[in-house]
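This structure is a prediction, so every number in the text was calculated from the model and none was measured. Throughout, a chain's letter reflects where its sequence line sits, starting with A, and its residues are numbered from 1.
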Amino acid sequence: MDRTAWVLNETELRAWLQDLIAGERTVVAPVAEDGVVVYRPLAAAGQAVLEPRGKARWSPKEFLFPRTEALYSYSFKGDAVAITDPPRPERPQVLFGVRSCDAAGLARLDEIFLSGRTDPLYAARREATTVVTAGCAAADPECFCTAVGGSPVGEEAADLQLVPLDGGWLLRVLSGKGEALVGEAAAGWSAPPAESGERVAALEREVAAQIGRNPVPQEWAKVLEGGFASPSWDRLAAHCLGCSICAYVCPSCSCFDMNHEANAWCGEQCRSWDACTFVPFTLHASGHNPRATRGGRYRQRVLHKFAFTAEGEAHFRCVGCGRCVALCPAGLDISQIVTAAAAAIQEEGADAAR
Amino acid sequence: MSDLQTSAVRHAGAAAVPDGWQPQIVALVCNWCTYTGADMAGTTRLEYPATVRMVRFPCTGRMSPLMILRAFEQGADGVLVSGCHPGDCHYVQGNLVARRRFTIFRSLMDFLGIDLRRLHFAWVSAAEGHKWARVVKDVSAAVTAAGPLPRPPAADGWEGPALPAAEGDGPEEISAADAEALRDHLRRTAAELLESGRAGVVIGHRRGSLPGRLVPVMAATAAECRELEWGEGALNNLVTYAATALQRAEKAALVVKACELHALTGLIREGQVARERLLLVGLQCPGVRPEGALAAKCLGCSGAPHPACDLLLTPAGVSEGGSGAAAPAADTDDARDRQIAAIESLPAGERWLYWQRQFARCLRCYACRAVCPLCYCSTCVADKHRPQWVPTTIDARGNGVWNVVRAMHLAGRCTGCDECARVCPADIRLDLINRKLALEVERHFGAAGLEPGEKAALVDFRMEDPEEFIL
Amino acid sequence: MAKVGVFVCHCGENIARNVKVQEVVDFAHEVPGAAVTEHYPYMCSAPGQQLVIDAIREHGLDRVVIAACSPQLHEPTFRAAAAQAGLNPHLVEIANIREHCSWVHRDPIAASAKACQTVAAAVERVKRAKPLDPIEVPVTKRALVIGGGVAGIRAALDIANSGQPVVLVERQPSLGGNMSRLSETFPTLDCSQCILTPLMVQVSRHPLIELMTYSEVEAVSGYVGNFTVRITRKPRYVKIEDCTACGDCAAACPSPVANEFDMGLSTRKAIYIPFPQAVPSTYTLDADRCLNANLQSPTGFRVLGCIRCAEVCKPRAIDFDMQPEVVERRVGAIIVATGYDLQIGQQARECGYGVYPDVMDGLEFERMLSASGPTEGEVRRPSDGKTPADVVFIQCVGSRNPKHGVPYCSRICCMYTAKHALLLRHKVPESRAFVFYMDIRAGGKGYEEFVHRAMEEERVMYIRGRVSQVYEEDGKLKVLGVDTLSGKQVEINADLVVLASAMEPTDHGMIAGTLRIAADEHGFLKEAHPKLRPVETLTAGIFLAGAAQAPKDIPDTVAQASAAAAKGMELLSHDALERDPTTASVNQTACAGCFECLQVCPYGAIERQEVRDRQGNLQRYVAWSNPAMCEGCGLCAVTCRGGFIDVAGYSDEQVFAQLGALGPLPEVLGR
Amino acid sequence: MQPAEAVPNLYHPNLMRIAGFADETPDVRTLKLQFADAGEARAFTGWRPGQFGQFTVFGAGESVFALANKPWHPNGGAEPPTIECTFRAIGKVTNALRALSTGQTVGFRGPYGNHFPLDDWRGKHLVYIGGGIGMAALRSAMLETLDRKAEFGEVLILNGARTVADMVYKEEMPSWQAVQGVRVVRCVDPGGEGEGWDGEVGLLPNVFEKLALDPADRIVVACGPPVMLHYLFLSLGKLGYRPEQVVTTLENKMKCGIGHCGRCYVGPFSVCRDGPVVTWAELNELPKDY
């Protein structure tokens with residue numbers, strides 16, 4: 001293994017984390033708040049929940065793509081308007097202990113916000129962000145990263161990677177940013193065992209084996225897209241209640257709404273998360289709604305995760321974290337629905353051929 | 001204070017709390033009594049603090065709690081609501097209905113930890129110029145004492161209150177053999193209902209993809225009936241699906257727990273579903289376990305099916321119900337009540353921290369709305385933007401308003417199925433808020449009126465409703 | 001953003017003394033949308049108004065804010081000015097910077113700051129205002145009067161005399177009501193029938209009055225100016241137009257019945273005329289008492305057991321096949337004059353009413369005193385027909401007794417008891433009269449003098465106190481009570497006891513439900529405002545007269561009847577009504593049909609409407625607010641959780657905009 | 001990827017002054033906007049016909065409209081750029097926009113989206129068909145066509161509306177007609193004609209069919225309500241037009257205008273980024289999600 005790597009015990013890890021907190025960066029990590037684990041800026045290293053398994057309730061995407069942010073603010077003076085851009089760049093930040101699936105989600109966000117016309121606010125934060133992932137030593141019942149091409153120890157979008165090994169952590173540098181973050185801190189750390197590469201590979205196989213879900217083949221993208229008009233969508237989405245838990249906890253969902261929040265004197269153009277499962281998402285002012293049925297709306301979600309990929313992208317937008325499965329009020333399971341939809345569409349195709 | 005207001009203050013060049021700071025109080029007043037009473041104060045040249053800004057309404061009945069929230073959101077340090085004395089309302093009963101709303105709204109604000117020195121209600125008649133002047137003086141003094149409206153607090157590192165565990169016996173356990181018998185009864189009954197045409201669809205539960213979790217299903221075929229399940233994983237309140245199912249079939253059978261029947265009663269009362277189109281299948285319930293532990297709502301429940309159901313399924317067999325008999329008396333010592341009491345025992349500032357931190361987590365996914373059997377508006381007020389009733393921003397501005405609106409819209413209507421709290425990805429204790437308001441409704445106005453023929457508490461009034469809080 | 005003109009008034013020094021007008025003007029200029037900002041010493045003066053009119057025209061202003069005194073004073077003035085300039089009057093907003101600002105705040109800085117914000121809020125509000133036009137409601141030029149007592153008679157005559165047609169509905173076979181039962185009236189001792197009968201005859205002969213006796217109002221729908229009334233005409237089985245009131249039928253009738261007109265103190269026949277002066281002067285067959293009634297045929301009288309009346313009736317006026325008839329009338333105004341009954345409650349029974357025949361209530365005693373009554377005006381004990389020597393009158397039986405009766409004062413008892421005692425003394429000079437009373441309430445013209453006359457000239461014994469018990473002993477009624485002035489027990493051996501029972505509204509105010517108007521817990525119909533709108537109800541177009549509204553005596557009843565008639569005439573004098581357009585409207589596309597709005601509406605203005613698809617299938621019900629009935633209180637708007645109801649002129653957008661201007665001020669005021 | 005520091009704020013609108021407006025129908029208005037800031041005007045690079053802009057009413061929000069006047073080029077002359085848009089007051093923003101008057105300020109950002117390939121149409125006959133407010137999306141291309149009439153064959157402009165009162169650009173149609181080789185046909189739905197109407201009466205696709213044009217060498221550019229387009233495409237198919245000859249614009253709900261917000265997707269096709277101009281052929285490849 002030619003990468004820079006070390007082995008840290010819990011004490012060394014926390015000490016390093018404490019140093020990071022004291023530094024110039026905001027350090028974001030999973031924290032237990034009122035009994036629920038969420039990503040929060042750390043005040044102390046001890047707050048961080050760093051476990052070999054389990055995940056925060058939702059992804060850390062809000063630290064790059066906030067739930068709500070002002071794109072600009074303005075004030076009135078008579079008929080004149082004065083516009084102020086939001087301040088940037090922000091203080092550099094570290095996303096610490098995020099799961100591989102969460103990091104993969106950031107890569108999906110990059111595809112949206114950094115491709116074509118670059119989003120200035122996202123770009124500024126992204127540039128100032130260092131990602132330290134924590135690999136998984138076990139899968140939760142809802143996990144299915146390996147079914148969509150991910151890995152419990154995936155390296156996508158990670159600058160540094162922690163892998164739980166023997167009660168300690170293997171820390172691997174994956175980018176220049178990661179290297180910079182480690183900096184001098186590595187001085188006292190131990191070198192990794194020689195076979196650590198194989199150990200990680202074994203861990204990956206072990207966790208993958210726990211994930212009982214069938215892989216989603218890449219070629220289903222075309223199948224699903226071809227089945228846009230399939231009647232099965234209405235059936236599969238029949239129990240969807242039209243909330244947006246799935247989209248808001250999703251590491252890769254990136255839809256947003258833009259609204260002016262204003263009073264008589266001033267206002268802001270606010271960008272807030274939005275979701276394709278909401279009825280008003282595509283509702284025209286005229287009352288026309290291209291996606292008037294819950295089947296149509298849920299189809300959009302599934303296809304946008306599994307079928308509609310930009311040219312040159314050879315992966316799904318779903319990263320298999322399974323949060324939407326675990327949290328769906330109606331128990332909808334996107335991995336099962338993709339399988340069912342593909343099967344239904346193929347069968348309809350076969351019927352049509354007959 | 002929201003970012004918006006912060007920028008407004010920045011705009012004004014105002015410092016934190018300058019010397020001689022005067023509060024800004026928005027007064028919502030009715031046209032016929034208080035506005036005219038304030039005119040009277042003017043014509044008699046009384047003097048009072050220049051802290052109030054008046055907004056004229058036809059009646060206190062026109063004042064939505066959302067407008068009070070809007071005033072706070074726009075930076076008011078205090079709000080005063082004033083109208084005609086009971087019995088003097090220009091519209092006879094406007095202030096009496098409004099009084100109930102304000103009673104519950106104020107209770108909610110108190111529970112959420114708002115400093116009640118900021119929120120006042122008064123009756124000031126057209127002749128009471130002196131009273132108006134006095135009320136403004138008193139309210140100004142109270143708001144001045146409370147100080148400028150604070151920013152949403154940072155609760156970093158705050159442990160939060162330790163709420164007592166929800167305890168109770170819960171329903172009797174159902175043995176594995178009985179559970180199997182019950183499930184078989186359910187499947188057979190469902191199939192018979194479909195076959196006989198008594199129902200075109202059976203709303204029930206089937207196995208989900210996660211261990212132990214059952215998920216809703218609208219079964220319309222014999223094969224789907226064979227997949228019906230029942231047990232501790234049957235978390236969903238299927239009443240939520242009643243209207244959807246009735247779009248598919250003229251008659252629908254609905255598997256209900258005793259605790260869910262009230263929600264259906266509410267829907268019938270509000271004209272959303274027709275009882276005669278539903279066939280209610282009540283099952284002996286083992287209680288539900290959303291996260292391993294028995295749900296709080298189950299702790300005081302016997303698990304017996306509600307006798308008003310058309311069919312009653314117990315391990316022993318299937319019997320015709322529909323006796324119209326009352327449900328078993330609700331448990332008075334609700335496990336949630338002890339947690340509510342614990343929150344109430346906190347100082348207001350800590351209650352504020354407690355709830356603000358929860359609301360800060362709110363993602364505005366509206367899952368609470370989506371699962372609520374009683375949320376059925378075609379367009380939610382949160383999705384309306386002329387005016388923007390609820391700020392769209394997923395932050396202190398919007399989340400606080402949304403959570404208060406949601407609670408107010410369920411006050412006197414919520415039937416305690418706790419689905420909102422179950423599905424909330426942010427673990428906001430919506431169940432406690434709903435339960436608190438239900439208790440408040442009962443305490444102030446008597447039983448909440450949950451029968452089909454009754455008026456909901458907040459559209460009703462009595463002349464002698466309590467009003468100790470009104471100046 | 002509209003083009004708003006802001007006009008700030010100095011009101012001489014009244015505003016300018018404490019509010020820096022120039023600063024308000026400068027500030028208003030900074031509010032988005034304010035195109036013109038002006039000030040003037042007296043904006044309400046003719047030149048001031050002209051300033052506004054000229055500015056609207058010159059600058060094409062589409063909204064106007066007047067910063068001046070209370071809208072209660074000059075809102076109409078400036079709305080009219082705007083209208084003169086071609087601007088919809090509802091696009092004018094008043095910012096009250098006098099009563100609410102300069103007159104109550106001495107500090108010019110604080111007062112000016114408040115004035116600035118008030119003006120800004122008014123601009124924000126008016127920018128969202130929409131032009132509104134008055135709602136036109138056509139008026140059906142006919143009135144309905146319910147009740148043919150003195151109140152109904154007076155109201156009907158007043159309206160008919162003004163040239164408007166009237167439908168007068170009376171439940172009993174004859175007009176007259178309770179007043180026709182009375183002997184003489186206090187304090188003048190006019191003969192009641194002598195003064196009432198001419199009015200009854202006038203009614204029956206009036207070309208513009210359609211009189212429907214023996215009829216009841218079954219249902220009322222519609223709204224002000226446009227009510228539809230369903231009236232059931234009960235079958236008399238006697239053709240009015242043929243009956244000559246000869247009385248042969250009654251003489252032939254074998255079925256005697258207690259006569260309710262005489263409060264059961266006499267008998268009548270199953271076919272009867274209630275009293276000789278009845279209007280219409282016609283006989284009525286009491287179906288319940290006719291011997292034919294028991295023969296259970298489907299149409300009532302088809303199988304005839306007794307036809308003696310028909311046999312003797314020369315004009316052949318009797319028709320056993322008569323059926324109830326339902327008629328519909330469209331009316332523009334309704335006057336409710338359903339009157340009162342006496343209440344026999346617990347206290348009356350404690351006083352022996354219903355137990356001892358010689359305990360009677362006030363109306364029974366009236367009949368006894370009446371020259372046309374069962375005793376032809378002689379006072380006799382019902383039990384044995386003897387003339388009583390000692391008569392005890394007990395006041396407040398049931399009245400002013402929240403525990404066992406009603407909490408209110410029945411108002412007439414003090415006076416009629418004095419009258420009873422006085423008439424007793426006139427008719428039986430050797431008799432003694434005792435009156436138990438709580439207070440004497442004789443607040444009317446000549447009333448106090450009348451009571452004194454009874455006390456002093458007629459030596460009526462007034463005993464202040466309550467009666468605890470009435471019982472019979474040795475053929476005498478023992479009346480036990482306490483004289484609270486002396487504190488002594490009083491025991492009187494009485495030959496006759498007369499109770500002044502409480503008045504209660506006829507049928508406990510059942511009519512309120514039919515008309516969908518409010519009644520209090522006793523059934524008295526509720527006026528729109530106890531002081532300022534005492535004869536109107538909250539339902540526009542329905543007015544109140546007489547004891548149905550509250551206990552009252554004849555002069556007050558007649559006065560209120562004329563007042564109600566005047567209100568009705570005012571309404572009927574219009575071809576169409578113009579109503580304030582600040583009313584609620586429902587977004588029916590979005591309405592979910594929970595109808596909580598309907599439950600809170602004080603005016604019954606919310607109706608259920610069907611939504612049908614193109615095939616005509618019923619899809620759902622949605623709410624509709626009738627602009628002709630809505631008063632614009634806004635209760636429904638707040639009740640609607642989805643916010644699908646809005647109130648024109650007080651719209652959600654306007655309120656939110658106004659609140660949005662009341663946040664912390666921009667730097668303009670940061671001095 | 002450029003350094004974040006250098007990325008401009010895509011959402012920062014230019015401030016525009018309302019220079020004038022014309023009311024086309026009771027609820028449709030055309031606004032003329034000019035840059036409030038001379039520097040921003042100088043930096044403006046113009047637009048191509050068919051592109052759209054995001055228009056801001058401060059305090060209400062943003063709304064998307066086609067840029068409706070003749071394209072402006074920086075080197076096109078000394079005139080400062082004027083931007084026109086035609087909109088119907090139907091929602092929160094459009095109603096707020098309609099309430100503004102001359103001299104007041106709005107925001108503009110853009111242009112966004114692809115454009116009509118006018119250069120590819122040289123030498124061909126052109127038909128512009130606008131239903132209702134649909135003509136607004138075509139007006140820029142149509143005016144450019146009139147300007148460069150010599151490069152094209154016959155030009156037919158078919159402006160349809162439900163009623164006479166609903167017809168947009170009534171005032172300026174004579175000036176279109178005045179160009180040599182241009183024919184303007186106005187039509188209203190049956191029942192929508194009023195006293196003195198001298199145009200066609202009939203549903204727009206039927207009116208078009210009646211004109212019996214030869215499809216050869218002809219491009220049809222159409223925009224209107226979904227129902228109208230549906231029937232128009234049926235007619236065009238019947239008349240022998242190939243899908244490649246027919247061009248329209250998609251009108252999905254948009255927010256960001258730059259393909260990020262996820263709202264205007266029709267399958268993988270982002271209307272704001274990849275559209276709004278599409279051929280009927282391209283449209284046939286897309287799922288029916290518009």
Side-chain angles (χ1 to χ4, degrees), chain A residues 33-36 38 40-41 43-44 47 57-58 62 66-70 73 75 84 141-142 213 238-249 257-263 265-268 270 272-275 278-280 283 294 322-323 325-333 335-336, chain B residues 2-5 7-8 11-12 73-75 155-157 160 205-206 208-211 213-218 233 235-236 240-241 244 248 354 357-358 360-361 363-371 378-380 383 385 388 391-395 397-398 419 422-429:
Chain A
E33 181 183 285
D34 298 331
V36 46
V38 286
R40 285 277 179 266
Q47 287 178 298
R57 188 60 64 84
W58 51 77
E62 59 185 304
R67 302 164 180 201
T68 288
E69 66 184 316
S73 58
S75 60
T84 314
E142 72 272 14
R213 289 160 199 263
H239 300 94
C240 172
L241 291 164
C243 73
S244 68
I245 287 185
C246 46
Y248 288 3
V249 301
D257 192 8
M258 288 159 66
N259 276 293
H260 278 216
E261 292 291 335
N263 63 16
W265 313 114
C266 56
E268 291 172 341
C270 290
S272 302
W273 289 359
D274 204 352
F278 285 145
V279 177
L283 178 68
R294 67 180 81 191
R323 287 188 177 97
V325 177
L327 295 171
C328 177
L332 265 62
D333 181 329
S335 77
Q336 286 191 338
Chain B
S2 74
D3 296 351
L4 187 65
Q5 291 142 18
S7 64
H11 197 57
E73 189 230 323
Q74 287 294 311
D156 287 345
H205 304 270
R206 65 171 176 81
S209 69
L210 296 178
R213 172 80 158 93
L214 303 185
V215 299
V217 62
M218 285 180 270
L235 308 179
N236 285 73
T240 304
Y241 287 99
T244 313
R248 303 178 164 204
Y354 176 75
R357 184 159 79 181
Q358 300 209 17
R361 285 200 301 272
L363 294 167
R364 301 286 283 288
C365 64
Y366 296 127
C368 44
R369 172 178 87 185
V371 290
S378 56
T379 307
C380 178
D383 291 332
H385 45 246
Q388 189 74 53
T392 53
T393 58
I394 311 175
D395 59 9
R397 268 180 275 184
E419 279 285 87
R422 169 180 76 83
V423 303
C424 179
D427 286 6
I428 302 173
R429 292 300 305 271

- Item | All side-chain hydrogen bond (donor to acceptor under 3.5 Å, both in side chains) counterparts of S244(A), not counting sequence neighbours |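 In terms of side-chain hydrogen bond (donor to acceptor under 3.5 Å, both in side chains), with neighbours along the sequence ignored, S244(A) is linked to no residue.
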Over all atoms of both residues, closest heavy-atom pair of [X] and [Y]:
X       : Y       : value
T393(B) : S272(A) : CA-OG, 3.8 Å
A426(B) : V36(A)  : O-CG1, 4.0 Å
R364(B) : F278(A) : O-CZ, 4.0 Å
R57(A)  : C424(B) : NH1-O, 4.2 Å
A330(A) : P216(B) : O-CD, 3.2 Å

Toward chain B, the part of [X] with a non-hydrogen atom under 4.5 Å:
X       : answer
W273(A) : both
E62(A)  : neither
R213(A) : side chain
P329(A) : both
V279(A) : neither
A275(A) : neither
C328(A) : backbone

- For each of L214(B), V215(B), L235(B), tally heavy-atom pairs with chain A at distances under 4.5 Å, and name the one with the top tally.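 Heavy-atom pairs under 4.5 Å are most numerous for V215(B).
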- Query: Using a cut-off of under 4.5 Å for heavy-atom pairs, which of G208(B), P391(B), P211(B) has the most such pairs with chain A?
  - Reply: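 Highest number of heavy-atom pairs under 4.5 Å: P391(B).
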- Say you draw a straight line from OG1 of T244(B) to CG of L241(A); how long is it, rounded to the nearest 0.5 Å?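 Taking OG1 in T244(B) and CG in L241(A), the distance rounds to 8.0 Å.
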- Minimum side-chain heavy-atom gap D395(B)-R67(A) below 4.5 Å: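 A side-chain contact under 4.5 Å is absent here.
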Which bit of [X] comes within less than 4.5 Å of chain A, counting heavy atoms only: side chain, backbone, both or neither?
X       : result
L210(B) : side chain
C368(B) : neither
Y366(B) : both
T379(B) : neither

- Message: Walk me through whether T392(B) and D274(A) qualify under side chain to side chain contact (heavy atoms under 4.5 Å, CB included).
- Response: CA-CA 10 Å; T392(B) 53; D274(A) 204 352; over 6 Å; no
I'd like to know if [X] and [Y] make a salt bridge, using a cut-off of under 4.0 Å between side-chain N and carboxylate O.
X       : Y       : value
E142(A) : R213(B) : no
D34(A)  : R429(B) : no
E261(A) : R397(B) : no

- Message: Walk me through whether Q74(B) and W265(A) qualify under side chain to side chain contact (heavy atoms under 4.5 Å, CB included).
- Response: CA-CA 11 Å; Q74(B) 287 294 311; W265(A) 313 114; over 6 Å; no
- Determine, step by step, whether H260(A) and H385(B) satisfy the side chain to side chain contact (heavy atoms under 4.5 Å, CB included) criterion, reporting the C-alpha distance in whole Å, the side-chain angles of both residues, the deciding distance to 0.1 Å, and the verdict. CA-CA 10 Å; H260(A) 278 216; H385(B) 45 246; over 6 Å; no
